[in-house]
Each structure stands twice: as C-alpha cells, then as structure tokens.
Trainee: 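This structure is in structure tokens; I'll ask about it shortly.
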Amino acid sequence: MLSLQIDNPALEERLQKEFKTSKELSKYIYNLVVEDLEEKRFLQLTKEQHKKEFVSKKEVFDILDTI
C-alpha cells in the first residue's frame with residue numbers, strides 16, 4: 001500500500017487532474033521506483049565489471065534477469 005501526504009495544494013491539484021484514481025497514481029509512482037532501481041543496478045553492473053572496456057551481452061542479460 002502506498003500512502004502519500006502532499007503539503008503543496010498546487011501539486012495535489014495537478015496530480016488529481018493527471019491521475020483520475022489513486023490506483024493510477026500508485027502505478028505511476030511504482031513504475032518510477034522500478035525505473036530508478038533498474039538504472040542504479042545497470043550503473044552498478046558497469047562499475048562491477050572489473051573496469052573492463054566492454055561487457056558481454058550474456059553478462060548484461062544475466063544481470064537483467066536478477067532485477
């Protein structure tokens with residue numbers, strides 16, 4: 001469950017116009033969090049590859065499978 005308290009009336013109004021239901025807003029925020037985690041994981045992957053100049057396709061897919 002997602003609970004959100006917004007202290008900015010203008011922002012709250014804009015979110016209500018953009019997302020008709022709380023379920024739509026929850027889905028949007030969930031997708032933002034997932035994207036952020038994927039980006040952080042990919043960044044970590046590139047740093048972890050022993051400073052190689054390249055990463056194999058298999059290594060990329062192996063890491064993506066863990067997400």
Trainee: Specify the closest pair of heavy atoms between Glu24 and Glu18, including all atoms of both residues, with the distance to one decimal.
Mentor: OE1-O, 4.5 Å
Trainee: To the nearest 0.5 Å, what is the distance between CZ (Phe61) and CG (Asp65)?
Mentor: 8.5 Å
Trainee: Quick check for you: to the nearest 0.5 Å, what is the distance between Asn8 atom CG and Leu15 atom CG?
Mentor: 9.5 Å
Trainee: Check step by step if side chain to side chain contact (heavy atoms under 4.5 Å, CB included) holds for Leu37 and Arg41.
Mentor: CA-CA 6 Å; Leu37 291 173; Arg41 183 64 182 133; over 6 Å; no
Trainee: Output the distance between atom NZ (Lys27) and atom OG1 (Thr21), rounded to the nearest 0.5 Å.
Mentor: 10.0 Å
Trainee: Going from CG on Asp36 to CG on Asn31, what distance comes out if it is rounded to the nearest 0.5 angstrom?
Mentor: 12.5 Å
